[in-house]
Amino acid sequence: VFLYNKLIEMFGRCGDAAQARKVFNGIAAKNTFSWDLMLFAYTRNGQIRDAQCLFSAMPSPNVVSWTMMLCALAEAGEFHASMGLFQSMPLHNLVSVTAMLVLLAREGRIEQAKKAFDNMPERSLVTWNAMVAAFARNGHFSDAKEMLKQMPQRNVVSWNSILNSLVERGGVEEATCVFNDMPEWDVVSWTAMLAANAQTGNLSKVKQLFDEMPVHNLYTWTALLAACAQSCSLEDAKRVFENMPERNLASWNALLSAFATSGQDIELVKQVFDEMPMANVISWTVMIVSYGLRGHVEESKLAFDSMPEWNLVSWTKLLSAFAENGRFEECLGISYDMPGQDVSSWTALVSAYAQNGQIQNARSIFEKMPQRN
RNA sequence: CCGAACUAACAGA
């Protein structure tokens, strides 16, 4: 059984849940590890339905099984379901509570996360890191720093959270200082520095860091590619894309984005889009922007209407496309149709009017905004 | 110590 279990785990890690299932089915005397590892194979590969099915068939689910389901549900966007599952769990432990803390933080519910943290009878390094990240990701930089100071031990993950928080705030100098003072680095820390320097448009610094860093992976290559796109260096972007040892949708999107901002003919951008093996919300949003930048608002709208799904960014980009092309009347309608409008999209609308010299309209929207920053 | 939890890349004003 031990060896079969190992096999299930291996297939699960390789992304082959079907193979794992075959091994699982072949075990006559399954033990609790067999079940958990099979569940792992499903959750790991995003097969939430299969996971749920297996979970309900489990003879004796334990904390580990519950925790995996908790994370799987959250991953599938079912936050409330995972919340409910957490409450109905017969038993909690350090790991399951930490997992819940992370989910709360991802939802932006920091107070609840902090409360859970404070109530925990024991905390591991991972727990502390989760709390640091919770603050860091939600813009509570000083709280994150305070946590970092208080925690009994720190590791590279703790430092990376702080570093990324600085990068998000646009503090290249501060980020550089933290990076230099960190006791250890990994590929995540280096990637953060790529992003930091890309923000300031310092492409040569990005390239230099890229060459200095000890390890490259898909993330680092894509960060480099994105930096080229942000600096409008299409030639660099193309070269990077060709030199990448492997590509995924994110890398394709970064390339598409490089074409989008390059001012190249729209047909070339479309060509890249059509060549892509897949397209997601991001790819479509880049197309909306591409059309908008070239004054083809109608095409932006068409792209928007043919997307398989939408999010706030795609809505906001559509709004901006109309605004930047002087189509203010439509902006109001878009804003009205937009579900769950946030600060960024409100601001886009305000600035649409402001740029058009319609100060009083801008002002009245500003006053009606539910949140401001 | 056969299993679960923490940080990074691609579109936003």
Side-chain angles (χ1 to χ4, degrees), chain A residues 1-6 8-9 12 31-41 43-44 62-72 93-103 105 124-134 136-137 155-165 167 186-195 198 217-227 229 248-258 260-261 280-290 311-320 323 342-352 373:
Chain A
V1 184
F2 174 91
L3 286 178
Y4 282 120
N5 288 349
K6 269 294 176 200
I8 298 175
E9 182 184 9
N31 63 16
T32 160
F33 293 109
S34 323
W35 285 92
D36 280 342
L37 287 166
M38 191 57 232
L39 190 61
F40 168 79
T43 56
R44 168 90 188 204
N62 54 34
V63 205
V64 175
S65 344
W66 285 90
T67 307
M68 282 194 279
M69 278 311 294
L70 184 78
C71 297
N93 66 7
L94 177 58
V95 174
S96 67
V97 178
T98 303
M100 194 62 224
L101 196 158
V102 171
L103 302 186
S124 67
L125 177 56
V126 173
T127 314
W128 280 93
N129 279 342
M131 203 57 233
V132 172
R137 262 227 282 258
N155 66 3
V156 68
V157 173
S158 340
W159 288 103
N160 285 341
S161 292
I162 295 290
L163 186 61
N164 278 302
S165 174
V167 174
D186 66 6
V187 64
V188 176
S189 340
W190 283 93
T191 309
M193 293 314 290
L194 295 184
N217 62 19
L218 247 177
Y219 287 72
T220 62
W221 278 100
T222 308
L224 175 63
L225 183 52
N248 65 4
L249 183 50
S251 6
W252 276 97
N253 284 337
L255 180 72
L256 185 66
S257 175
T261 54
N280 64 5
V281 202
I282 298 188
S283 335
W284 282 98
T285 306
V286 175
M287 289 314 289
I288 294 175
V289 174
S290 301
N311 62 18
L312 267 179
V313 179
S314 39
W315 277 98
T316 306
K317 275 307 191 182
L318 181 69
L319 183 75
S320 300
D342 68 358
V343 192
S344 296
S345 31
W346 279 109
T347 308
L349 187 62
V350 171
S351 94
N373 64 12

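Bear in mind that the values here come from a model prediction, so they are computed numbers and not experimental data. Lettering follows sequence order; numbering is per chain, from 1.
Counting any heavy atom pair closer than 4.0 Å across all strands shown, A:T316 reaches a base atom. Here A:N5 lies in heavy-atom contact (under 4.0 Å) with a base. Within 4.0 Å of A:S283, counting heavy atoms only, lies no atom of the nucleic acid at all. A:A250 comes within 4.0 angstrom of a base, heavy atoms only. A:S351 comes within 4.0 angstrom of the backbone, heavy atoms only, and of no base. A:N280 comes within 4.0 angstrom of nothing in the nucleic acid, heavy atoms only.
Here B:G12 is the nucleotide among B:G12, B:C2, B:C10 with the atom lying nearest to any side-chain atom of A:V313. Of the candidate nucleotides B:A11, B:U7, B:A5, B:A11 has the atom nearest to the side chain of A:V289. Nearest nucleotide to the side chain of A:K317, out of B:A5, B:G12, B:C10: B:G12. With distances taken from any side-chain atom of A:V188 to the nucleotides B:A13, B:U7, B:A4, the minimum falls on B:U7. Closest approach to the A:V95 side chain among B:C10, B:A5, B:A11 is made by B:A5 (side chain taken as heavy atoms from C-beta onward). Considering only side-chain atoms of A:E9, the nucleotide from B:A8, B:C6, B:C2 that sits closest is B:C2. Relative to the side chain of A:A348, the nucleotides B:A13, B:A11, B:A8 differ in distance, and B:A13 lies closest. In the set B:C2, B:A11, B:A4, the nucleotide with an atom closest to the side chain of A:L37 is B:C2. Comparing atom distances between the A:V187 side chain and each of B:A13, B:C6, B:A8 picks out B:A8 as nearest. Proximity note for A:N31 (side chain, C-beta onward) versus B:A5, B:C2, B:U7: the nearest is B:C2.
Residues passing the ring pair (Phe, Tyr, Trp, His ring centres under 6.0 Å) test with A:W35, sequence neighbours excluded: A:F24.
Using a 4.0 Å cut-off, some side-chain N or O of A:R137 falls inside it from OP1 or OP2 of B:A8.
Summarising the geometry, the separation between CG on A:L225 and P on B:A8 is reported as 20 Å, rounded to the nearest angstrom. Rounding to whole angstrom units, CH2 of residue A:W221 and C1' of B:A8 are separated by 17 Å. Between A:L101 atom CG and B:A4 atom C1' the separation is 16 Å, expressed in whole Å. At whole-Å resolution of the value, CG in A:L3 and P in B:C2 are 13 Å apart. In this structure, the CE atom of A:M131 is 12 Å from the C1' atom of B:C6, given to the nearest Å. Atoms CD1 (A:I162) and C1' (B:C6) sit 13 Å apart, rounded to a whole Å. The distance between atom CG of A:L39 and atom P of B:A5, rounded to the nearest whole Å, is 12 Å. The CG atom of A:N155 sits 9 Å away from the C1' atom of B:U7 (whole-angstrom rounding).
Interface remark: the A:N93 side chain does form a donor-acceptor pair with the B:A4 base, using a distance-only criterion of under 3.5 Å. Donor-acceptor pairing under 3.5 Å, judged by distance alone, is absent between the side chain of A:N217 and the base of B:A9. Not a single donor-acceptor contact under 3.5 angstrom links the side-chain atoms of A:T127 to the base of B:A5. For A:D342 against B:G12, a side-chain N or O and a base N or O form a donor-acceptor pair under 3.5 Å.
A donor-acceptor distance shorter than 3.5 angstrom exists from the side chain of A:N155 to the backbone of A:S158, with no hydrogens or angles considered. At least one donor-acceptor pair closer than 3.5 Å links the side chain of A:D342 to the backbone N or O of A:S345. Judged by distance alone, the side chain of A:T191 and the main-chain N or O of A:V187 form a donor-acceptor pair under 3.5 Å.
Closest approach of A:A198 and A:A227 over heavy atoms only: CB-CB, 3.7 Å.
Looking at A:S124 and A:T127, their side chains do bring a donor and an acceptor atom within 3.5 Å of each other.
Considering A:N164, A:V157, A:L163 as possible partners of A:S189, the one that fulfils the side-chain contact (heavy atoms from CB on, under 4.5 Å) test is A:L163.
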